[in-house]
Amino acid sequence: MTELGPDAWPPAPIRTERLVLRESAAEDRAGFLDLFSSPEVGTYIGGPRPREELLRTMPEVPGRRPGSFVIELDGAMIGVVTLDRRAPERRGHVRPEGGETELGYLLLPEAWGRGYAAEACAAALDWCAGARPGEPVVLTTQTANDRAVRLALKLGFSEVERFEEYGTEQWFGARYPA
């Protein structure tokens, strides 16, 4: 993520009622391995990656880049939330030139169903509103992922369109500044 405005990356850790959103660290590597090799997590993102491949290819400090936050609960990584530029060549845009900020998130299955995704995404969106004032944020998920669509609506995203990508129907939504 570039052109973040006056806020330098990484920002100070963002604290919510139960979570901390922060830059990744070496001790998060095991959590990233679990996240990306999980069959449950991989259900709507093209499947899990082989753990052996991840062990060989994953950097010692994974996920350390602008726009990527580790979601921490009680000192342990439970997932990630990301704010990236949506590639102009992909389908789904709200500006003719594309390049909108796109929200993404993944949580370990043991963290599902407790409201952590909503809490982490809301905090990341609040931070983004300060770093990129006036910009819309977009989100894409498979229409089959009912929980993700419900969360998007809860976070204030409105459906813009549906389209076929990666062999399945996608739900594309946008959240505009207040």
Side-chain angles (χ1 to χ4, degrees), residues 1 16 18-22 24-25 27-59 61-65 67-74 76-87 89-94 98 100-125 128 137-175:
M1 183 178 225
T16 69
R18 302 175 292 172
L19 306 171
V20 176
L21 275 62
R22 60 170 174 76
S24 68
E27 60 267 16
D28 299 317
R29 191 168 191 266
F32 275 92
L33 289 167
D34 291 344
L35 191 65
F36 291 111
S37 66
S38 166
E40 296 88 356
V41 172
T43 299
Y44 297 108
I45 60 167
R49 294 193 38 210
R51 194 171 185 86
E52 301 75 32
E53 174 192 322
L54 290 167
L55 282 166
R56 280 192 323 276
T57 60
M58 186 176 287
V61 182
R64 183 170 279 181
R65 61 178 177 70
S68 180
F69 295 93
V70 163
I71 305 168
E72 179 184 299
L73 173 69
D74 298 329
M77 177 197 172
I78 62 165
V80 295
V81 62
T82 59
L83 296 162
D84 293 307
R85 287 286 185 194
R86 185 163 179 83
E89 65 274 7
R90 290 190 61 203
R91 292 211 37 208
H93 292 284
V94 295
E100 302 90 347
T101 299
E102 183 169 27
L103 175 71
Y105 63 92
L106 296 171
L107 274 78
L108 291 166
E110 55 269 22
W112 293 359
R114 296 186 174 97
Y116 299 137
E119 190 172 328
C121 289
L125 287 166
C128 186
V137 177
V138 298
L139 178 146
T140 307
T141 188
Q142 290 184 17
T143 54
N145 191 346
D146 296 335
R147 292 171 72 163
V149 172
R150 282 194 311 270
L151 176 57
L153 294 169
K154 179 180 179 178
L155 291 168
F157 287 83
S158 298
E159 183 174 338
V160 174
E161 67 177 310
R162 293 179 186 214
F163 52 84
E164 187 85 12
E165 189 177 46
Y166 306 118
T168 189
E169 186 180 57
Q170 303 292 320
W171 185 96
F172 176 75
R175 181 178 190 256

| Which heavy-atom pair separates Arg175 from Leu155 by the least distance, and what is that distance? | NE-O, 2.8 Å

| Could you state the interatomic distance from CG (Leu54) to CG (Leu35), rounded to the nearest 0.5 Å? | 10.0 Å

| Hey, does Glu102 have a side-chain heavy atom less than 4.5 Å from the side chain of Arg90? | yes

| Are the side chains of Arg150 and Lys154 in touch, meaning some heavy atoms are under 4.5 Å apart? | no

| field | Flag side-chain contact, heavy atom, 4.5 Å: Leu151 against Phe157 | value | no

| Would you find a donor on one side and an acceptor on the other, under 3.5 Å apart, between the side chain of Trp171 and the backbone of Glu159? | no

| Atom CD of Glu100 and atom CG of Asp84: how far apart are they, to the nearest 0.5 Å? | 13.0 Å

| What residues, two or more places apart in sequence or in another chain, satisfy salt bridge (charged side-chain N to carboxylate O under 4.0 Å, His left out) together with Arg51? | Asp34

| request: Assess whether side-chain hydrogen bond (donor to acceptor under 3.5 Å, both in side chains) is satisfied between Arg86 and Thr140, documenting all intermediate values. | output: CA-CA 10 Å; Arg86 185 163 179 83; Thr140 307; 3.2 Å; yes

| said: Once rounded to the nearest 0.5 Å, what's the spacing between atom OG1 of Thr101 and atom CG of Leu139? | reply: 12.5 Å

| query | Got Leu83 and Leu103 here, is their nearest side-chain heavy-atom distance under 4.5 Å? | reply | yes

| task | Say whether, by atom type as modelled, one donor and one acceptor occur between the side chain of Thr168 and the main chain of Glu164 under 3.5 angstrom. | result | no

| field | side chain to side chain contact (heavy atoms under 4.5 Å, CB included) assessment of Gln170 paired with Gln142 | value | CA-CA 4 Å; Gln170 303 292 320; Gln142 290 184 17; 3.6 Å; yes

| request: I would like to know whether Met77 and Phe32 meet side chain to side chain contact (heavy atoms under 4.5 Å, CB included); could you show each step before the answer? | output: CA-CA 8 Å; Met77 177 197 172; Phe32 275 92; 3.7 Å; yes

| query | Can you find a heavy atom in the side chain of Val94 that is under 4.5 Å from one in the side chain of Phe172? | reply | yes

| field | Interatomic distance, Ile78 atom CD1 to Leu19 atom CG [nearest 0.5 angstrom] | value | 5.0 Å

| said: Using side chain to side chain contact (heavy atoms under 4.5 Å, CB included), reason through Glu72 and Asp28 one step at a time and then give a plain yes or no. | reply: CA-CA 10 Å; Glu72 179 184 299; Asp28 299 317; 5.8 Å; no

| Rounded to the nearest 0.5 Å, what separation is found between the CD atom of Glu40 and the OH atom of Tyr44? | 11.5 Å

| message | Could you report the tightest heavy-atom contact between Pro62 and Ser24, atom names first, then the distance? | response | O-OG, 2.6 Å

| query | Do Glu119 and Ile71 touch side chain to side chain, with heavy atoms closer than 4.5 Å? | reply | no

| Tyr105 side chain near Thr141 side chain, heavy-atom distance below 4.5 Å | no

| message | Show the nearest heavy-atom pair for residues Ala120 and Leu21, with the distance to one decimal. | response | O-CD2, 3.5 Å

| message | Please enumerate all residues that pass salt bridge (charged side-chain N to carboxylate O under 4.0 Å, His left out) together with Arg64, with sequence neighbours excluded. | response | Glu23

| Can Tyr116 and Leu108 be said to form a side chain to side chain contact (heavy atoms under 4.5 Å, CB included), step by step? | CA-CA 11 Å; Tyr116 299 137; Leu108 291 166; over 6 Å; no

| task | Provide the closest heavy-atom pair for Pro48 versus Ser38 in the form atom of the first, atom of the second, distance. | result | CB-O, 3.6 Å

